[in-house]
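In what follows, chains carry the letters A, B, and so on, assigned in the order in which the sequence lines appear, proteins first and then strands, with residues in each chain numbered from 1.
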2 protein chains.
Amino acid sequence: MKTNPSPKAKDKSLELLRGKGLNVTHPRRKILAYLLDHHGPFSVEEIHQSMGEGFCDLATVYRCLGQFEKKGLVERRYFGDDILRYEYLDHAHHHHHIICTQCKAVTQLDDCDIAKLESMVKDRGYRDVSHTLEFFGVCAKCQP
Amino acid sequence: MKTNPSPKAKDKSLELLRGKGLNVTHPRRKILAYLLDHHGPFSVEEIHQSMGEGFCDLATVYRCLGQFEKKGLVERRYFGDDILRYEYLDHAHHHHHIICTQCKAVTQLDDCDIAKLESMVKDRGYRDVSHTLEFFGVCAKCQP
DNA sequence: GTGGATGCAAAGAATTTGCAACCAA
DNA sequence: TTGGTTGCAAATTCTTTGCATCCAC
C-alpha cells in the first residue's frame with residue numbers, strides 16, 4: 001500500500017499549503033500529496049499506512065487532516081459503514097460517489113444537475129447552500 | 001427533552017416490531033415510538049435522554065438501534081459534525097434533509113427527482129441502487 | 001419453562017490531548 | 001530564535017461485549 005507522491009502532487013501540495021497559510025512540514029505535504037494523487041475518499045488508517053512504516057505518527061495524521069478540513073482543503077465522507085473517510089476537495093470538479101455495498105469500491109459520477117433542488121432550498125431562506133449526494137448499489141463484479 | 005409516545009406511535013411500533021419478528025420489549029417499543037413521533041434523525045444520546053432518567057441503559061439503546069438497522073427499520077445519517085444519527089426509514093415517504101450549518105436544525109425536503117441520475121448509475125451495471133442526498137446551508141434565523 | 005433481552009461493569013476502538021523535543025520560517 | 005509541529009503516551013469519548021438476572025412468549 002505504500003506509495004510515493006508524484007512530482008506534480010508534491011508541487012501542488014506545496015502551493016496549497018502555502019496558499020492556506022499552513023507551515024509546510026513533511027507529514028502535511030505527504031498526506032496532502034497522497035490525497036491529490038489518489039481519487040476517492042480514504043480512511044485515516046489507509047492514509048497513515050500509505051506513507052510507509054514509521055513515516056509519521058497516527059496522531060499526526062489526525063491533526064493534519066483536522067487542519068486541512070478547517071482550511072477547506074478536504075472533506076469528510078461517511079458511507080454508512082462506520083468508517084470516516086477524507087477526500088481532497090477539488091472545487092473545480094464537483095462530483096459524487098457510487099459506492100458498492102458489497103466490496104465498498106468507490107467510483108465517481110461527474111455529472112450533477114441538482115441546481116433545481118438547491119434553488120428550492122435557497123427559496124426557503126437558506127444561504128451558502130451546498131449538498132452531498134452519494135449512490136449505493138451492488139457493482140457488476142459483486143453480482144452473482 | 002423527555003417525551004411520552006403518542007398512542008398512534010405505540011400502536012405502530014408494536015406492529016412494526018412484530019412484523020420484523022422482533023420480541024416486543026419496553027425499550028424497543030419506546031425507542032421506536034420516539035422515532036415514529038419525531039421527525040428527523042436523532043443521536044443515540046438524544047434518544048436515550050428522551051426516554052427519561054433511568055428508563056433503560058445506554059447500551060440497550062445501542063443494541064436496539066443496531067437491531068432496527070439490521071431489520072431495515074432505521075438508517076444512520078452522518079451530517080459531517082461527528083455525530084451519528086438514527087432515523088426511522090419510512091419507505092412510503094422518501095425525502096431529504098436540509099441541515100443548518102450553524103444551529104444544526106434539520107428540516108425536510110420532500111420533493112426528490114433524481115431518477116435520471118439513478119438510472120445513470122444503473123447503466124453502469126449497478127443493481128439495488130439507492131442514494132443519500134443532504135443539503136447544507138445557513139438557515140434564516142442564523143443569518144446576521 | 002426457556003431463549004432472548006436487559007443492566008451493569010468492564011473491555012475495546014477511535015480519536016484527542018499534554019508535554020517535551022524538534023523543525024520551518 | 002521562536003512559535004508552531006511532531007512523537008509518544010496517556011486520557012477521553014464512543015461503542016461493544018460478557019455475564020448474571022429478568023422478561024416476553
Let me have a per-nucleotide readout for nucleotides 3-15 of chain C, 5' to 3', with B, S or -, counting only protein heavy atoms under 4.0 Å.
-> -SSBBB-----SS
With ring centroids as reference points, do [X] and [Y] lie under 6.0 angstrom apart?
| X | Y | result |
| --- | --- | --- |
| A/H93 | A/H91 | no |
| B/H26 | B/F55 | no |
| B/H48 | B/Y62 | no |

Might you work through the salt bridge (charged side-chain N to carboxylate O under 4.0 Å, His left out) test for A/E87 and A/R85, ending with a clear yes or no?
-> CA-CA 7 Å; A/E87 176 186 36; A/R85 286 163 232 259; over 6 Å; no
Which residues, if any, of residues 68-78 of chain A bring a heavy atom under 4.0 Å of DNA chain D?
->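 Going residue by residue through residues 68-78 of chain A, none turns out to have a heavy atom under 4.0 Å of DNA chain D.
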Distance-only donor-acceptor check, side chains A/Y126 and B/T101, under 3.5 Å |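 The criterion, which ignores hydrogens and geometry beyond distance, is not satisfied for B/T101 and A/Y126.
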Does a donor on one side chain and an acceptor on the other come within less than 3.5 Å for B/H131 and B/E118?
->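 Note: B/H131 and B/E118 side chains meet the donor-acceptor criterion.
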Keeping the roles fixed (side chain from A/R28, backbone from A/N23), state whether a donor-acceptor pair exists under 3.5 Å.
->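 Yes, A/R28 side chain to A/N23 backbone: donor-acceptor pair under 3.5 Å.
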Between B/L65 (CG) and D/dT15 (C1'), how many Å, whole number?
->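 Roughly 12 Å, once rounded to whole Å.
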Take atom CZ of A/R29 and atom P of D/dT6, then tell me their distance rounded to the nearest Å.
->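 It is 14 Å, rounded to the nearest whole Å.
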Hey, is B/D82 close enough to A/R76 for a salt bridge, meaning N to O under 4.0 Å?
->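 Salt bridge present between B/D82 and A/R76.
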